[in-house]
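Because only heavy atoms are used, hydrogens play no part in the values below, and waters and symmetry mates are left out as well, while side chains stay in. Letters A, B, ... mirror the listed sequences (proteins, then strands); counts begin at 1.
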Amino acid sequence: MHHDCMLLTRLADVSREVAATSARSRKIALLAELFRFAEPDDVPIVIPYLAGRLPQGRLGIGWKVLGRRVDPAAEPTLTVREVDARLTAIGKVTGTGSQAERARLVGELMGAATEGEQRFLIGLITGEVRQGALDALAVEGLAQATGAAGPDVRRAVMLAGSLQTVAQALLADGPQALDRFRLTVGRPVLPMLAHTASSVTEAVEKLGACAVEEKLDGIRVQVHRDGDDVRLYTRTLDDITDRLPELTSAALRLRGERFVLDGEVIAFDERGRPRSFQETAGRVGSRVDVATAARAVPVSPVFFDALSVDGRDLLDLPFAERHAELARLVPEPMRVRRTVVSGPDDVPAAETFLAETLERGHEGVVVKALDAPYSAGRRGAAWLKVKPVHTLDLVVLAAEWGHGRRTGKLSNLHLGARTADGGFAMLGKTFKGMTDAILAWQTERLQELAVESDGYVVTVRPELVVEIAYDGLQKSTRYPAGVALRFARVLRYREDKRPEEADTVETLLAAHPEVRP
DNA sequence: TTCCGACAGTGGGGTCGCAAT
DNA sequence: ATTGCGACCCCACTATCGGAA
């Protein structure tokens, strides 16, 4: 096999080909072919580039700079490592005059790139690669290129918490390198995620014997303890140890010496009721003056799973056994409240538990199959969340032109409720829940109602009523009513309703007494 | 042949913290 | 001091491919 540092042009060509095919099998084959030519050292750059990410994050370069035309190079000479080095240098430019200096360096880079390479670089820097292949297909391609089994590679990635690390090891040492990736205390694992079910009945019928657990509206946290050393990680594996000292103390008070636990961190008020998500998230996001933030908004851990205890990897054990380990280690007040049901005959008990959970101020429940292993990094069907859904009839005030596959379609709706003075107050936006048919229909209809456009937002006469589902209200400084919808999505248009029949701000606020704008 | 799980894509609001104005 | 912006938090939903049933 021939190896030398990979040329950018090769990457740009593959990216274009991958984008041009819709068949996943073909995308995977193209990626595999590319990886066969990659040196291990290229991998930490090639993998994120293919997913349309820059390893160094954003660079402070916008369309203004990238829009300037630079004469392309005639011959492709740039290597991916050279591009990476130049982009790193651009990201490091700070201080007065930094924007001009960055623009100059970008111009230099573009001048060294051919036409095709320029297009790829612009897409990469603006985050518009969109080739229909992210990490999941890269995993398959990597497996094909190295002769490893797909599920083995995927498992290694979940345990390593990083595709780059696994790819580098695989290309350097072949399939046996995968054995090195085991659950290790101190190294975070991608957390298991849940699907949605519309009711407790549906969830229990799907899963059979299961645990029904409170769903807390906080921040997911993975707690690693090795003796006196405690580390805390978020859902995306960011290390947040320094921000939550009370969680470290809590972990040190537990009986075990070495463990990995999965749970939620949340702030409770004096009466033990959950504070709003905004308050918990603000606390977890505070990094500078942690002591002050901790006094104002103390948080608590609430654990629901054990991934490793005393050097034993529990990932493949059934949930019932993992939970037994958790219960040995963690006292009840620090575990999530739950009930166990035997199956569909037990649905009433599950319904009662959901009602009590909502009464206590939580957002819903998660129903978990008792026999399921911990599927790290997967949205396994073994966990199903159930949350109550609210609906409203709102009026479309404006719409924004879509991007990507929604180019040329009016996509993002501005939603308003009626006010006392006969006008409308905007409560938020949504682009969710639309089928292609709805998208096409609303593009036509809204253009008929258009009164103004700035090329991006099309303002319309407030005549179209749309039924919206949402998860709740939150305080807002952005919108005139002082509140915004959380997770709004379209259910259907109500052509049978006139705007005078839409819901009012007043009734909305009355329905959510817990939120005072 | 039909069904369904997994992926990618399309963005939503809020908060924090840094850099530019 | 204020404003703009990116990075993270939380998140729902549809279209599509391709293997399972």
Practice problem: Kindly say if A:Thr196 contacts the phosphate of C:dC13, meaning a side-chain N or O under 4.0 Å from OP1 or OP2. | Solution: no

Quiz item: Rounded to whole angstroms, how far apart are CG on A:Leu163 and C1' on B:dC7?
Solution: 15 Å

Practice problem: Output yes when at least one side-chain N/O atom of A:Arg405 is less than 4.0 Å from OP1 or OP2 of B:dT10, else no. | Solution: no

Self-check item: First of A:Asp436 and A:Leu216 reached from the 5' end of DNA chain C, by closest nucleotide
Solution: A:Leu216

Practice problem: Please say whether the positively charged group of A:Lys387, taken as NZ for Lys or CZ for Arg, lies over the ring of A:Phe487, i.e. under 6.0 angstrom from the six-membered ring centre and within 45 degrees of the axis. | Solution: no

Self-check item: Atom pair distance, as rounded to whole Å: CG in A:Leu244 and P in C:dC9
Solution: 11 Å

Quiz item: Are the charged groups of A:Arg16 and A:Asp13 less than 4.0 angstrom apart, N to O?
Solution: yes

Quiz item: Taking the nucleotide of DNA chain C with the closest heavy atom to each, which residue, A:Leu237 or A:Asp471, is nearer the 5' end?
Solution: A:Leu237

Quiz item: Do the side-chain N or O atoms of A:Thr236 get closer than 4.0 angstrom to the phosphate oxygens (OP1, OP2) of C:dC8?
Solution: no

Quiz prompt | Atom-pair distance (NZ on A:Lys409; C1' on C:dT14), nearest Å | solution = 14 Å

Quiz item: What residues form a ring pair (Phe, Tyr, Trp, His ring centres under 6.0 Å) with A:Tyr233, not counting sequence neighbours?
Solution: A:His224

Quiz item: Thinking salt bridges, do A:Lys215 and A:Glu264 make one under a 4.0 Å N-O criterion?
Solution: no

Exercise. Examine B:dA8: is either OP1 or OP2 under 4.0 Å from a nitrogen or oxygen in the side chain of A:Lys27? Give yes or no.
Key: no

Quiz item: Looking for any heavy atom pair under 4.0 Å, which part of the strands does A:Lys206 touch: base, sugar-phosphate only, or nothing?
Solution: nothing

Exercise. Any chance you could list the contact pattern along nucleotides 11-17 of chain B? Use B for base contacts, S for sugar-phosphate-only contacts and - for none, protein heavy atoms under 4.0 Å, 5' to 3'.
Key: BBSSSSS

Quiz item: When you check the side-chain N and O atoms of A:Ser199 and A:Glu202, is any donor under 3.5 Å from an acceptor?
Solution: no

Quiz item: When you check the side-chain N and O atoms of A:Asp239 and A:Thr241, is any donor under 3.5 Å from an acceptor?
Solution: yes

Quiz item: To the nearest Å, how far apart are A:Leu137 CG and B:dG5 P?
Solution: 19 Å

Quiz item: So what does A:Ala23 hit on the nucleic acid, given a heavy-atom distance under 4.0 Å: a base, only sugar-phosphate, or nothing?
Solution: sugar-phosphate

Exercise. Check the angle between the aromatic planes of A:His512 and A:His390 and answer parallel, tilted or perpendicular using the 30° and 60° thresholds.
Key: perpendicular

Quiz item: Please give, in whole Å, the distance from B:dG5 P to A:Trp383 CH2?
Solution: 18 Å

Quiz prompt | Distance, rounded to the nearest Å, where A:Arg220 contributes CZ and C:dC8 contributes P | solution = 19 Å

Practice problem: Give A:Thr234 one of three labels, base, sugar-phosphate or nothing, depending on what nucleic acid heavy atoms sit under 4.0 Å from its own. | Solution: sugar-phosphate

Self-check item: Nearest-angstrom distance from the residue atom CZ of A:Arg154 to P of B:dA6
Solution: 8 Å

Quiz item: Does A:Lys497 pair with A:Asp503 as a salt bridge, N-O distance under 4.0 Å?
Solution: no

Quiz item: How many Å lie between CE on A:Met158 and P on B:dA6, as a whole number?
Solution: 11 Å

Quiz item: Is atom CD of A:Glu246 surrounded by more than 12 heavy atoms (other residues, nucleotides or ligands) closer than 6.0 Å?
Solution: yes

Practice problem: Kindly point out which of B:dC7, C:dC11, C:dC17 is positioned nearest to the side chain of A:Lys385? | Solution: C:dC11

Quiz item: Looking at A:Arg154 and A:Asp135, does any basic side-chain N land under 4.0 Å from a carboxylate oxygen?
Solution: no

Quiz item: Out of C:dC9, C:dG18, C:dA12, which has the shortest distance to the side chain of A:Arg24?
Solution: C:dG18

N/O-N/O pairs, protein side and nucleotides 1-5 of chain C side, under 3.5 Å:
none

Quiz prompt | Pair partner, C:dC10 [Watson-Crick or wobble, under 3.5 Å] | solution = B:dG12

